[in-house]
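What follows is a set of notes on a single structure, which appears directly below.
None of the values given here were measured: they were computed from a predicted structure. One-based numbering along the sequence shown. Side chains are part of it too, since the values below use all heavy atoms of this structure and drop only hydrogens, waters and symmetry mates.
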Amino acid sequence: MATEGGAGLAKSAVEKLSDAMGEKTKQLGTAMQDVHRQRRLILVIVCVALFLDNMLYMVIVPIMPSYLAMWEAGNSDRESNASGANASGAKSVLGPGYPPENEDFKIGVLFASKAILQLLVNPLSGTFIDRVGYDIPLLIGLTVMFLSTIIFALAENYATLFAARSLQGLGSAFADTSGIAMIADKYTEESERSRALGIALAFISFGSLVAPPFGGILYQFAGRRVPFLVLACVCLLDGLLLLTVIKPFGSRARENMPVGTPIQRLMIDPYIAVVAGALTTCNIPLAFLEPTIATWMKKTMGASEWEMGVTWLPAFFPHVLGVYITVKLAAKYPHLQWFYGALGMVIIGASSCTVPACRNFGQLIVPLCGICFGIALVDTALLPTLAFLVDVRHVSVYGSVYAIADISYSVAYALGPIVASQIVHSLGFVQLNLGMGLANVLYAPVLLFLKNVCQMKASHSERNILLEEGPKGLYDTIKMEERGMQGNNVDSYHRDLKGASEEDSSDYEYS
């Protein structure tokens with residue numbers, strides 16, 4: 001009897017657990033169907049992807065000495081076997097912070113390889129995203145980033161590291177572009193779009209700044225491979241969440257998707273070209289200072305290892321502050337987006353010019369914080385402007401336009417690790433900073449060209465797209481639904497338009 005009673009209790013417990021699990025699954029399914037909850041989950045997925053990409057970009061910085069020491073030991077062993085002990089062959093590539101020129105160049109190429117491949121692939125990935133949507137390219141990007149991270153963990157030589165770094169650039173070209181484009185597509189109101197893109201930018205900044213201490217601590221206490229394995233696990237979980245929330249391979253009609261504007265046409269759009277130029281110019285100081293400032297700090301102020309390691313960490317807070325301020329200002333004064341970008345470029349220029357005047361770590365933090373604050377203003381103001389320009393001047397499909405934005409970033413970060421050191425060697429660190437500062441200050445007035453962009457909204461987007469041609473993209477369809485332009489409202493709009501045309505015609509006949 002006791003056995004039967006125990007079996008009954010167990011069966012009852014299993015049934016209750018099954019019912020509870022079924023209820024939770026139903027609730028999750030209901031949550032997935034809710035548009036607002038789904039897009040919040042999509043924002044989380046995209047932010048994690050951007051965070052991972054920038055973590056992987058910078059996590060190698062504190063681990064690089066381990067690879068350098070390993071290469072040096074291998075070279076020394078080969079030289080010893082070939083010609084015996086050679087005193088010149090024992091020279092360390094690490095000390096004291098000044099590697100030989102050939103090693104310096106190899107490291108520069110290694111760091112730039114990601115941005116170079118991203119630069120080459122983005123025109124193709126942007127077109128691919130426009131054709132198939134945003135979810136499958138994001139999944140492809142996360143898969144490639146996962147493989148890249150595993151290869152990083154297993155790398156033992158320069159060639160493998162170079163392959164892993166380049167593979168990361170391929171994944172970034174899909175994940176970054178499709179992720180930002182997906183945010184622009186899901187958040188259709190300008191204020192919501194600015195806020196969502198601002199959150200994504202904060203995650204990008206956080207990933208870049210937290211990666212070096214994260215990698216250094218795990219490398220110190222757990223080994224060289226552990227930071228990459230942790231990032232690979234997070235990447236895998238993000239991909240699984242994407243499959244759960246969006247179901248990229250679910251049955252849906254892709255043939256009805258709108259045809260996006262070709263990327264070559266977007267590139268020659270003068271407004272988009274101005275924005276792209278601003279994104280490149282404002283990121284040049286950050287891209288060029290990252291590979292050169294540690295050596296300059298060691299030489300001019302005798303900075304310690306920890307000071308060089310946390311150089312950029314305080315700049316995270318003004319970056320987030322810049323994002324927050326720009327989002328709030330854009331919500332109240334959306335017609336001044338160009339001004340926020342121009343102000344950011346002036347701040348970047350002034351801060352860049354003052355970097356060489358700093359003589360201690362405390363002084364250096366101020367201009368570096370100014371640079372990151374200015375970049376936050378520019379990025380947060382101009383990234384939503386790209387989506388708006390596509391809405392009012394082209395078709396509301398965002399893959400190609402954000403591929404152009406990614407190309408703009410990649411130009412700066414492809415040149416930085418290779419060109420910056422050469423400029424410092426030939427001209428000097430002071431001249432490098434003055435040149436970057438002057439470029440930003442001179443480019444700021446160019447953004448006046450965007451001053452009247454906000455006036456395109458009513459005349460071009462509402463009348464030409466919604467009334468005359470019908471909704472071309474998902475953005476316009478949602479706008480019609482939100483504003484109640486379905487059914488009778490659309491008919492009344494057409495009647496008003498027709499009545500206005502007849503009045504114009506009768507006036508013409510009367511005259």
Side-chain angles (χ1 to χ4, degrees), residues 39 43 180 183-205 269-283 317-351 369-394 396 398 401-402 405 408 440-463 465-466 475-476 478-479 482-483:
R39 69 178 187 176
L43 180 60
I180 295 292
I183 291 175
D185 184 72
K186 295 296 182 183
Y187 290 84
T188 56
E189 289 294 333
E190 296 303 322
S191 59
E192 290 184 341
R193 182 181 284 170
S194 295
R195 184 168 59 250
L197 289 174
I199 293 171
L201 288 171
F203 272 84
I204 291 173
S205 174
D269 185 308
Y271 296 98
I272 293 175
V274 167
V275 173
L279 294 176
T280 299
T281 306
C282 78
N283 279 277
F317 300 101
H319 186 276
V320 173
L321 178 64
V323 170
Y324 178 80
I325 290 174
T326 310
V327 168
K328 291 295 183 182
L329 288 174
K332 289 186 177 181
Y333 312 104
H335 60 287
L336 294 177
Q337 296 275 49
W338 66 273
F339 176 74
Y340 311 142
L343 178 62
M345 298 196 79
V346 171
I347 294 173
I348 293 167
S351 301
C369 288
I371 289 173
C372 289
F373 180 79
I375 290 174
L377 293 183
V378 178
D379 288 348
T380 311
L382 297 187
L383 280 179
T385 302
L386 285 175
F388 179 75
L389 287 170
V390 169
D391 288 335
V392 299
R393 292 175 60 82
H394 303 282
S396 298
Y398 308 101
V401 76
Y402 283 112
S408 304
N440 274 274
V441 172
L442 292 178
Y443 198 94
V446 179
L447 294 181
L448 278 167
F449 188 66
L450 304 175
K451 186 176 180 181
N452 296 322
V453 162
C454 62
Q455 298 177 6
M456 299 178 185
K457 187 173 184 179
S459 61
H460 195 93
S461 180
E462 296 290 347
R463 179 185 174 95
I465 294 179
L466 293 182
Y475 173 85
D476 294 318
I478 295 174
K479 295 289 275 189
E482 288 180 349
R483 298 180 185 186

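- Under the rule for a ring pair (Phe, Tyr, Trp, His ring centres under 6.0 Å), the partners of Tyr271 that lie at least two apart in sequence or sit in another chain are Phe449.
- A distance of 9.5 Å separates CZ in Phe317 from SG in Cys369, rounded to the nearest 0.5 Å.
- Rounding to the nearest 0.5 angstrom, the gap separating the OG1 atom in Thr188 from the CD atom in Glu190 is 8.5 Å.
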side-chain contact (heavy atoms from CB on, under 4.5 Å) for Ile199 and Ile183? Distances and angles first, verdict last. CA-CA 10 Å; Ile199 293 171; Ile183 291 175; over 6 Å; no
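- A pairwise comparison of heavy atoms in Leu386 and Ala405 identifies CD1-CB, 3.7 Å as the closest pair.
- Judged as a side-chain contact (heavy atoms from CB on, under 4.5 Å), and not counting sequence neighbours, the contacts of Ala387 are Ala184, Arg193, Tyr398, Tyr402.
- Listed by chain and number, the residues in a side-chain contact (heavy atoms from CB on, under 4.5 Å) with Phe373 are Pro318, Leu321, Ile325, Ile347, Leu377 (sequence neighbours excluded).
- Taking CD1 of Ile375 as the start and CD1 of Ile204 as the end, the distance is 11.5 Å to the nearest 0.5 Å.
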Cut-off 3.5 Å, no hydrogens considered: what does the side-chain donor-acceptor table look like for residues 274-283, sequence neighbours left out?
residue	atom	partner	partner atom	Å
Thr280	OG1	Ala276	O	3.2
Thr280	OG1	Ser408	O	3.0
Thr281	OG1	Gly277	O	2.7
Asn283	ND2	Leu279	O	2.8

What donor-acceptor contacts under 3.5 angstrom involve side-chain atoms of residues 339-346, with partners at least two apart or in another chain?
residue	atom	partner	partner atom	Å
Tyr340	OH	Leu329	O	3.2
Tyr340	OH	Tyr333	O	3.0

Just do the side-chain contact (heavy atoms from CB on, under 4.5 Å) check on Ile348 and Val378 with the steps written out, would you? CA-CA 10 Å; Ile348 293 167; Val378 178; 4.2 Å; yes
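- Rounded to the nearest 0.5 Å, atoms OG1 (Thr385) and CH2 (Trp338) are 12.5 Å apart.
- For Leu43 against Ala196, the heavy-atom pair with the smallest separation is CD1-O, 3.8 Å.
- For the residue pair Ser396 and Asp391, the shortest heavy atom distance occurs at OG-OD1, 2.9 Å.
- Taken from CD1 in Ile272 to NE2 in His394, the straight-line distance is 4.0 Å, to the nearest 0.5 Å.
- The minimum heavy-atom distance between Arg39 and Lys186, with the atom names listed, is NH1-O, 3.3 Å.
- By the side-chain contact (heavy atoms from CB on, under 4.5 Å) test, Val327 is found to be paired with Arg195, Val323, Thr380, residues two or more places apart in sequence or in another chain being considered.
- Between Cys372 and His319 the shortest heavy-atom distance is O-CD2, 3.4 Å.
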